[in-house]
Amino acid sequence: MTRRTIWQMSENNDHTEDHELFRQAMDDVRPIKQDEHIVHETRRPAPHPRQQELDDQQVLQDMMSDPYDLTEVETGEELSFCRAGVQHKTFRKLRRGEFALEAELDLHGKTVDEARMAITGFLPKCQQQGLRCIRIIHGKGHGSFNKQPVLKTYVNHWLRQRDEVLAFCSARPADGGTGAIYLLLKK
């Protein structure tokens, strides 16, 4: 007998003994019935588009650009803007203050950057909540340098760049006059 044959014989004997011991240990075990149609999958969390959010924020900031002549709007001048497609009757109702105001943003005391960020955060929230008519108080500029309406000028410029803004106009005197605007949002 060769060495290999002896090893194979001892391996076969060990293997049969192990196999028999295993059978004895598993004698009273019964297989679990499984439904083959059930598939257990672990759910992955929804992807969070961080880069897209950063890009969107940059676009919003770029859309609310500042290259604008601050002398374009005088202190007492009324603001008025209406996109093509808005009915004249609807815009007339807005100018008369006939829509119920559903939200308000007061920009008094804010810097230009703070006002921009407040508007870029406020408008999407209003639109998500289904609000249609809001008021933004920008002030008349009495507290600013040379008594010029700095925020009024910027707000006028910024809002014209926003797609969700259908129309805006200066408020009635009871609601702030030329220091505030009524704003109509898309549905």
Side-chain angles (χ1 to χ4, degrees), residues 46-87 90-187:
H48 188 72
R50 288 187 190 130
Q51 187 60 47
Q52 183 178 354
E53 286 177 355
L54 293 173
D55 291 345
D56 290 347
Q57 286 175 352
Q58 185 62 46
V59 167
L60 285 175
Q61 205 161 20
D62 292 346
M63 282 179 63
M64 303 282 275
S65 62
D66 292 340
Y68 196 65
D69 184 11
L70 291 175
T71 60
E72 190 171 311
V73 178
E74 294 296 321
T75 306
E77 187 177 331
E78 288 191 13
L79 298 181
S80 181
F81 171 77
C82 185
R83 273 198 209 286
V86 175
Q87 295 178 355
T90 302
F91 188 63
R92 192 168 45 247
K93 282 179 71 174
L94 182 68
R95 291 188 64 171
R96 291 179 182 163
E98 294 177 4
F99 286 104
L101 294 175
E102 300 170 301
E104 178 178 287
L105 176 64
D106 191 346
L107 301 175
H108 278 113
K110 295 196 183 314
T111 65
V112 172
D113 288 334
E114 291 170 343
R116 177 187 306 135
M117 294 312 294
I119 289 173
T120 57
F122 182 67
L123 294 180
K125 286 179 186 174
C126 288
Q127 197 172 24
Q128 286 172 348
Q129 294 174 9
L131 305 182
R132 184 100 160 109
C133 185
I134 60 175
R135 177 172 61 169
I136 296 178
I137 302 168
H138 47 71
K140 296 183 180 183
H142 296 306
S144 62
F145 181 72
N146 289 337
K147 304 291 185 201
Q148 293 296 314
V150 176
L151 289 182
K152 178 179 182 176
T153 306
Y154 280 110
V155 167
N156 180 39
H157 178 67
W158 293 333
L159 293 179
R160 291 170 187 262
Q161 299 176 50
R162 300 295 302 241
D163 278 340
E164 65 262 46
V165 175
L166 292 177
F168 63 86
C169 61
S170 292
R172 295 177 307 141
D175 288 332
T178 58
I181 57 168
Y182 300 134
L183 193 139
L184 194 63
L185 293 172
K186 285 183 181 178
K187 288 183 181 177

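Along the sequence shown, residues are numbered consecutively beginning with 1. Only this structure's heavy atoms are used, side chains among them; waters, hydrogens and symmetry mates stay out.
With rounding to the nearest 0.5 angstrom, the CG atom of Leu185 is 6.0 Å from the SG atom of Cys126. With rounding to the nearest 0.5 angstrom, the CD1 atom of Ile136 is 6.5 Å from the CG atom of Leu107. Going from atom CG of Asp175 over to atom OG of Ser170 covers 11.5 Å, rounded to the nearest 0.5 Å. Taking CG of Leu79 as the reference point, atom NE2 of His138 lies at 5.0 Å (rounded to 0.5 Å). Taking CD from Glu98 and CZ from Arg172, the interatomic distance works out to 9.0 Å, rounded to the nearest 0.5 Å. The distance from atom CG of Leu151 to atom CD of Glu114, rounded to the nearest 0.5 Å, is 9.5 Å.
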Checklist entry - Do Phe91 and Ser80 pass the side-chain contact (heavy atoms from CB on, under 4.5 Å) test, and can you show the C-alpha distance, the side-chain angles, and the key distance before you say yes or no? => result CA-CA 10 Å; Phe91 188 63; Ser80 181; 3.2 Å; yes

Item to check | Residue pair Lys186, Val165: steps toward the side-chain contact (heavy atoms from CB on, under 4.5 Å) verdict | outcome: CA-CA 6 Å; Lys186 285 183 181 178; Val165 175; over 6 Å; no

Next on the checklist: One pair to check against side-chain contact (heavy atoms from CB on, under 4.5 Å): Phe168 and Asn156. What are the steps and the verdict?
Outcome noted: CA-CA 9 Å; Phe168 63 86; Asn156 180 39; 3.4 Å; yes

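For the residue pair Tyr182 / Arg95, no side-chain donor-acceptor distance below 3.5 Å is found, with atom types taken as modelled.
Between Ala115 and Lys110, the shortest heavy-atom distance links the atoms N-CB, 4.1 Å. A pairwise comparison of heavy atoms in Phe122 and Ala103 identifies CZ-CB, 3.8 Å as the closest pair.
The side-chain heavy atoms of Arg116 and Trp158, taken from C-beta on, include a pair separated by under 4.5 Å. At a threshold of 4.5 Å between non-hydrogen side-chain atoms, the residues Arg162 and Pro124 count as touching. Residues Leu94 and Leu166 form no side-chain contact, since every pair of their non-hydrogen atoms from C-beta on lies 4.5 Å or further apart. Counting heavy atoms from C-beta on, the side chains of Glu104 and Ile134 never come closer than 4.5 Å.
Side chain of Thr90 to backbone of Val86: no donor-acceptor contact under 3.5 angstrom is found. The closest donor-acceptor contact from the side chain of Arg160 to the backbone of Phe81 lies at 3.5 Å or more, if one exists at all.
Shown here is Arg132, whose CZ atom has more than 12 heavy atoms of other residues, nucleotides or ligands within 6.0 Å.
Between Lys152 and Glu78 no salt bridge is recorded (no basic side-chain N to carboxylate O distance below 4.0 Å).
Tested against Leu123 for a side chain to side chain contact (heavy atoms under 4.5 Å, CB included), the candidates Leu183, Leu131, Asp163 yield a single pass: Leu183.
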